[in-house]
Enquirer: 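Before I ask anything, let me first share the structure, which is written out below as C-alpha cells.
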There are 2 protein chains.
Amino acid sequence: MGADALDRAQQTFVRRWGEMGATWGISRTMAEVHALLFITGDPLCTDDIMHMLQISRGNASMNLRQLVNWGLIRRTHLRGDRKEYFISDLDTWQMFETITRERRRREVGPIIDTLKQCRSDLAGDTPKLAKERQQKAVDCDKKLQDMLDFINTLDVMVDAVLSSGSEQIGMLSAAISSTVKR
Amino acid sequence: MGADALDRAQQTFVRRWGEMGATWGISRTMAEVHALLFITGDPLCTDDIMHMLQISRGNASMNLRQLVNWGLIRRTHLRGDRKEYFISDLDTWQMFETITRERRRREVGPIIDTLKQCRSDLAGDTPKLAKERQQKAVDCDKKLQDMLDFINTLDVMVDAVLSSGSEQIGMLSAAISSTVKR
DNA sequence: CATTCCTTTCAATAATAACTGAAAAGACTA
DNA sequence: TAGTCTTTTCAGTTATTATTGAAAGGAATG
C-alpha cells in the first residue's frame with residue numbers, strides 16, 4: 001500500500017474538493033468522485049473508484065451517473081476491456097463553465113418566476129388591502145422589483161463572462177478592474 | 001387567520017428563498033428566517049419568527065445568531081419593550097455583497113492553501129518518484145497551477161465587482177458585455 | 001442461447017443534519 | 001437582592017440525506 005508523494009497530493013486534493021462541494025450543496029462523495037477523475041486525468045472504472053474512495057458499487061454508480069448528467073465527466077472504453085471507464089477531460093475553465101451554466105439553468109429561471117408571481121399577485125390585490133397594509137405592499141413590491149433587477153444585471157454579467165471563453169478571461173478581468181478604478 | 005395578498009406574497013417568497021438556500025448549502029430554516037426579515041422589513045422578535053415560521057425557540061435563536069454573525073441582520077430594540085428584535089435593513093446589493101464577502105473569506109483562503117500545499121509536497125518529492133510516475137506528477141502539478149491561476153483571476157474579478165458598489169454595477173455590466181462582444 | 005461479466009436499481013440501513021423543549025444563564029427592575 | 005422576563009444552550013429526538021448490498025437487468029462472448 002505504498003502511497004507516494006503523488007498519491008498523497010491527490011488524496012489531499014480529493015478530500016478538500018469533497019469538503020468544498022459539501023458546503024456548496026453538492027454531496028461530498030459526488031465531489032470526491034469528480035475530484036479524483038479530474039486530478040488523475042486517467043480513465044478509471046467503477047471498481048477503481050470504489051476502492052480508491054472506499055465506497056460501494058451502488059454509490060459509485062449513482063454519483064458517476066450524476067456527474068455524466070452534469071456534463072463534468074464522460075463514459076469511455078479501453079480497448080480489449082469490457083468495462084466502462086470514466087474520464088474527466090475538461091480543464092479548469094471548462095469545468096467552471098459547465099457548473100455555472102448548469103446551476104444557472106436549474107435555478108435562475110425558477111427564482112425569477114417566483115418573484116414575478118409574487119409581484120403580480122400583489123399588483124392585483126393591493127387595492128383590496130386595508131389602508132395601512134397598502135404602504136407595506138408597495139414596499140414589498142419594491143423589494144421584489146429590486147431583486148429582479150439585480151438578478152438580471154448579474155445574469156447579464158455571468159453570461160458575458162461565460163461567453164468570453166478562457167482566452168478572453170484575463171482581458172475581461174483587466175477591463176473590469178480598470179472600469180472600477182475610476 | 002386571514003392571510004391577505006401581502007401575506008401570501010411574502011410567504012411564497014419565504015418558501016422559495018428557503019429552497020434556494022437549501023440547494024446552496026445554507027439550511028432551509030436559516031434562509032427562511034432571513035427571507036422573512038428581509039421581505040417584511042419590520043423588526044421582529046423571536047416569538048414573531050417562531051410563530052410565523054412554526055419553529056421552536058431554540059431553533060429560532062440559533063439561526064438568528066448565525067444570521068447576525070454573517071452580518072445579514074442586526075439586533076435592535078423597540079422602546080418600552082424589553083425583548084430583542086431583529087431587522088434586515090440591507091438592500092439587495094448589500095445582501096449580495098455581504099454573502100459574497102463572507103463566503104469568500106471562509107472558503108477561498110482554505111482552498112488556495114490546500115492547492116499550494118499539494119504543489120509544494122509534490123515539488124519536494126517528485127525526483128524520488130518512479131520514472132513513469134514523474135510525468136504524472138508534472139501533469140498533476142499543472143492542473144493545480146491552472147486551478148490556482150483561475151481562482152486568482154476570478155477572485156480579482158469578484159473583488160472588482162464588490163468594490164464597484166451598486167452605483168457602478170450597471171456600468172460594469174455594460175463594460176463587460178462590450179469587452180466580450182469583439 | 002447459455003454463460004459470464006458488468007451496470008443499474010432500490011428497499012433497507014446508516015450517517016448526518018436539523019430541531020425541540022426544558023433547564024440554565026443572563027439581564028433588567030424595583 | 002429577589003423577582004420577573006428574556007435569551008441561550010444542549011441532550012435527546014426527529015427528519016433528511018446518503019450509502020450499502022444484493023437482486024435484477026443488459027450486453028458482449030463463445
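Order of the sequence lines sets the chain letters (A, B, ...), proteins ahead of strands, with each chain counted from 1.
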Enquirer: Between atom NE2 in H51(A) and atom C1' in dT20(D), what is the gap in whole Å?
Expert: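 Going from NE2 in H51(A) over to C1' in dT20(D) covers 14 Å.
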Enquirer: Roughly how many Å is it from CD in Q54(A) to P in dT19(D), rounded to a whole number?
Expert: 13 Å
Enquirer: Could you say whether T46(A) or R82(A) is positioned toward the 5' end of DNA chain C, judged by the nucleotide with the nearest heavy atom to each?
Expert: R82(A)
Enquirer: What is the distance from CE of M50(B) to P of dT6(D), rounded to the nearest Å?
Expert: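 Taking CE of M50(B) and P of dT6(D), I get 13 Å after rounding.
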Enquirer: To the nearest Å, give me how far apart NE2 (H77(B)) and C1' (dT7(D)) are.
Expert: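 Interatomic distance, NE2 of H77(B) to C1' of dT7(D): 11 Å.
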Enquirer: Tabulate below the donor-acceptor pairs under 3.5 Å that side-chain atoms of residues 62-69 of chain A make, not counting sequence neighbours, or state none.
Expert:
residue	atom	partner	partner atom	Å
N63(A)	ND2	N59(A)	O	3.0
N63(A)	ND2	N59(A)	OD1	2.7

Enquirer: So what does R28(A) touch, heavy atoms closer than 4.0 Å: a base, only the sugar-phosphate, or nothing?
Expert: nothing
Enquirer: Below 4.5 Å, heavy atoms only, C-beta onward: do L90(B) and E97(B) meet side chain to side chain?
Expert: no
Enquirer: Measuring from the side chain of N59(A) (C-beta onward, heavy atoms only), which nucleotide among dT8(D), dT19(D), dT9(D) has the closest atom?
Expert: dT19(D)
Enquirer: Would you kindly give the CZ-to-P distance between R57(B) and dC10(D), to the nearest whole Å?
Expert: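 One finds 18 Å between P of dC10(D) and CZ of R57(B), rounded.
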Enquirer: Determine whether a donor-acceptor pair (N or O, by modelled atom type, separation under 3.5 Å) exists between the side chain of D42(B) and the backbone of L44(B).
Expert: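 No, D42(B) side chain to L44(B) backbone: no donor-acceptor pair under 3.5 Å.
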Enquirer: Ignoring backbone atoms, establish whether S27(A) has a side-chain N or O less than 4.0 Å from OP1 or OP2 of dT17(D).
Expert: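 No, because none of the side-chain N or O atoms of S27(A) sits under 4.0 Å from OP1 or OP2 of dT17(D).
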Enquirer: How many whole angstroms separate atom CG of D81(B) from atom P of dC5(D)?
Expert: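 About 12 Å, once rounded to whole Å.
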Enquirer: Given atom CE of M62(B) and atom P of dC10(D), what is their separation to the nearest angstrom?
Expert: 8 Å
Enquirer: Who pairs with S166(B) by side chain to side chain contact (heavy atoms under 4.5 Å, CB included), at least two apart in sequence or on another chain?
Expert: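 With sequence neighbours excluded, S166(B) shows a side chain to side chain contact (heavy atoms under 4.5 Å, CB included) to W93(B), given in chain and number order.
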Enquirer: Could you tell me the separation between the CD atom of E32(A) and the P atom of dA18(D), rounded to a whole number of Å?
Expert: 13 Å
Enquirer: Hey, does M147(A) have a side-chain heavy atom less than 4.5 Å from the side chain of F38(B)?
Expert: yes
Enquirer: Under a 4.5 Å cut-off applied to non-hydrogen side-chain atoms, are K143(B) and F13(A) in contact?
Expert: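 With C-beta onward as the side chain, the pair stays apart.
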Enquirer: At 4.0 Å (heavy atoms only), tell me whether S61(A) reaches a base, stays on the sugar-phosphate, or touches nothing.
Expert: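 Base, at least one base heavy atom under 4.0 Å.
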Enquirer: On DNA chain C, reading 5' to 3', which nucleotide is the first and which the last to sit with an atom under 4.0 Å from a heavy atom of chain B, could you check?
Expert: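 Answer, 5' to 3': dA18(C) to dT29(C).
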Enquirer: Within the structure provided, determine whether E32(B) and W17(B) are in side-chain contact (heavy-atom separation under 4.5 Å).
Expert: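 With C-beta onward as the side chain, the pair stays apart.
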